[in-house]
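Heads up: the structure comes next, in structure tokens.
Below, chains carry the letters A, B, ... as their sequence lines are ordered, and counting in each starts from 1.
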There are 2 protein chains.
Amino acid sequence: MKRQIANSFLAVDSVIFGFDGECLRVLLTKRLNEPYLGYWSLPGGLVRVDESTAAAAVRVLEEKTGLKKVYLEQLYTFSDPDRDPRQRIVSVAHYALVRSTDHAIHAGRHTELADWFDLDEKKKLAFDHRKILDLAIERVRGQIRYKPIGFELLPTRFTLTQLQKLYEAILGTALDKRNFRKKILAMNLLEGLEEKEIGVGRKPAQYWRFDKKKYNELTQKGFVFEL
Amino acid sequence: MKRQIANSFLAVDSVIFGFDGECLRVLLTKRLNEPYLGYWSLPGGLVRVDESTAAAAVRVLEEKTGLKKVYLEQLYTFSDPDRDPRQRIVSVAHYALVRSTDHAIHAGRHTELADWFDLDEKKKLAFDHRKILDLAIERVRGQIRYKPIGFELLPTRFTLTQLQKLYEAILGTALDKRNFRKKILAMNLLEGLEEKEIGVGRKPAQYWRFDKKKYNELTQKGFVFEL
DNA sequence: CCAAAAGTGTTGCCGGTACACCCATGG
DNA sequence: CCATGGGTGTACCGGCAACACTTTTGG
């Protein structure tokens with residue numbers, strides 16, 4: 001009954017987060033086969049025999065979205081023997097943070113039907129993917145407070161208002177503009193750029209850039225990011 | 001060359017922490033076979049075909065130490081194709097916190113050579129187990145601050161000094177006695193017991209108990225443990 | 001000149017930290 | 001009566017939260 005080809009045991013599934021300026025979103029793909037035909041699911045694939053799961057996640061992500069060099073981290077390994085009705089498949093779930101939700105989806109459309117979904121649209125997903133997604137959300141909520149991962153979701157050049165909107169979207173709370181700016185600028189991790197917004201019918205905002213090098217230096221000296 | 005029996009792909013390795021009253025320690029087992037014959041290694045074993053990795057970790061832990069019902073959590077999945085020189089084995093690492101280091105080791109001795117080691121004894125371990133151990137230490141250091149996992153390492157009845165010693169051992173810093181007590185007692189999660197120490201040549205200390213039920217209630221209301 | 005978002009300082013409060021002495025017991 | 005660790009209160013300081021108005025641009 002259980003046709004267990006060695007490497008079909010191990011899979012990766014990725015929770016790919018993007019930010020549209022207002023909401024945090026996840027990239028889902030529509031299943032074209034049984035089981036769960038027609039359901040939305042997390043993009044994933046089998047791990048090859050001589051590939052680490054991290055490498056597999058990177059590969060699958062590029063296959064589905066065309067994106068390379070995204071922030072990718074292991075989330076949790078799901079191993080309930082019944083999580084796939086066909087046969088046992090252990091899945092090492094990862095989560096990814098990508099900039100520019102637009103770019104990702106175009107590349108994905110070539111192969112499969114993929115789309116971005118709002119997080120609070122509590123759609124029913126294939127397999128145990130709802131559980132995986134919920135865990136990923138919880139993880140991102142936890143990490144955003146004390147790791148500067150938010151910048152992975154924004155263009156390299158961003159305004160403080162964009163950054164604040166992002167934090168508000170992820171944490172689900174409103175933040176005070178002045179306090180937010182004070183705190184984030186006090187860390188000295190943002191480099192102010194000369195350029196400003198143009199063509200907006202209002203006072204143009206300054207652009208900023210996250211100084212990853214400085215962050216790494218400070219971290220080694222015991223500094224901890226916290227917002 | 002690669003004799004890949006299906007379920008031999010997946011293993012669990014456990015980092016089992018105990019506390020001896022002074023230092024945090026790990027339980028290691030001595031390898032009786034090649035490769036790494038004679039090296040110390042994390043206790044581990046293969047995952048059975050219809051068993052989740054969590055179940056496998058619980059089973060292996062009981063086989064090696066005789067302990068049941070310990071605090072056990074998934075840590076990370078290690079999947080470098082070359083991590084085992086014989087063949088590819090993906091390992092889902094867990095970490096466990098056990099009370100009473102004495103009890104654990106006796107049960108273990110029946111089957112294999114096992115012993116507790118001080119954390120800063122940077123012994124060379126088999127496979128990538130040093131990496132796993134280091135990650136586990138980091139994880140415990142991070143979690144002890146905002147999850148009440150410390151109590152899993154102490155007897156159910158403990159003194160505040162024991163608790164403080166534990167925190168100092170894990171965090172690697174000295175803590176102020178008065179501030180420590182104030183903060184932990186202010187959370188209202190410790191229940192003071194009538195009994196006191198006996199037979200010590202000094203003022204006897206009061207015993208306390210961690211009220212897990214109250215913790216769960218508070219947590220649901222948004223309370224977060226933090227020390 | 002109007003609409004829209006950008007940008008900017010001060011104050012009160014709470015919580016964290018620093019710090020030293022008396023107490024109860026066994027031997 | 002001595003040694004040992006148990007147990008307790010206060011004062012200062014810094015960081016966090018609350019809060020409203022002026023500025024700059026495009027249309």
How many Å lie between [atom1] on [X] and [atom2] on [N], as a whole number?
{"X": "Leu175(A)", "N": "dC16(D)", "atom1": "CG", "atom2": "C1'", "answer": "13 Å"}
{"X": "Ile198(A)", "N": "dT24(D)", "atom1": "CD1", "atom2": "P", "answer": "19 Å"}
{"X": "Asp176(A)", "N": "dA6(C)", "atom1": "CG", "atom2": "C1'", "answer": "14 Å"}
{"X": "Phe158(A)", "N": "dA5(C)", "atom1": "CZ", "atom2": "P", "answer": "20 Å"}
{"X": "Glu197(A)", "N": "dA6(C)", "atom1": "CD", "atom2": "P", "answer": "7 Å"}
{"X": "Lys196(B)", "N": "dA24(C)", "atom1": "NZ", "atom2": "C1'", "answer": "9 Å"}
{"X": "Gln162(B)", "N": "dG6(D)", "atom1": "CD", "atom2": "C1'", "answer": "13 Å"}
{"X": "Leu227(B)", "N": "dG16(C)", "atom1": "CG", "atom2": "C1'", "answer": "12 Å"}

Whichever of Arg202(B) and Arg202(A) has its nearest DNA chain D nucleotide further upstream toward 5': Arg202(B)
Residue closer to the 5' end of DNA chain D, Glu226(A) versus Trp208(B) (nearest nucleotide): Trp208(B)
Whichever of Ala205(A) and Gly201(A) has its nearest DNA chain C nucleotide further upstream toward 5': Gly201(A)
Phosphate OP1/OP2 of dT8(C) contacted by Arg181(A) side-chain N/O (<4.0 Å): no
dA4(C) phosphate, OP1 or OP2, under 4.0 Å from Lys203(A) side-chain N/O: no
Sugar-phosphate, base or nothing in reach of Thr161(B), heavy atoms under 4.0 Å: sugar-phosphate
base_contact_polar (dA20(D) base, Arg178(A) side chain, donor-acceptor, <3.5 Å): yes
Residue pair Gln74(B) / Thr77(A), side-chain heavy-atom distance below 4.5 Å: yes
Parallel, tilted or perpendicular, as decided by the 30° and 60° cut-offs, for the rings of Phe223(A) and Tyr215(A): perpendicular
Sub-6.0 Å ring centroid separation between Tyr36(B) and Phe127(B): yes
Closest to the Lys177(A) side chain, choosing from dA6(C), dG7(D), dC19(C): dA6(C)
Candidates dC19(D), dT17(C), dA6(C) - which lies nearest the side chain of Lys182(B): dT17(C)
Under the ring pair (Phe, Tyr, Trp, His ring centres under 6.0 Å) test, residues paired with Phe117(A) that sit two or more places apart: Trp40(A)
N-O pairing of Glu191(A) and Lys212(A) below 4.0 Å: no
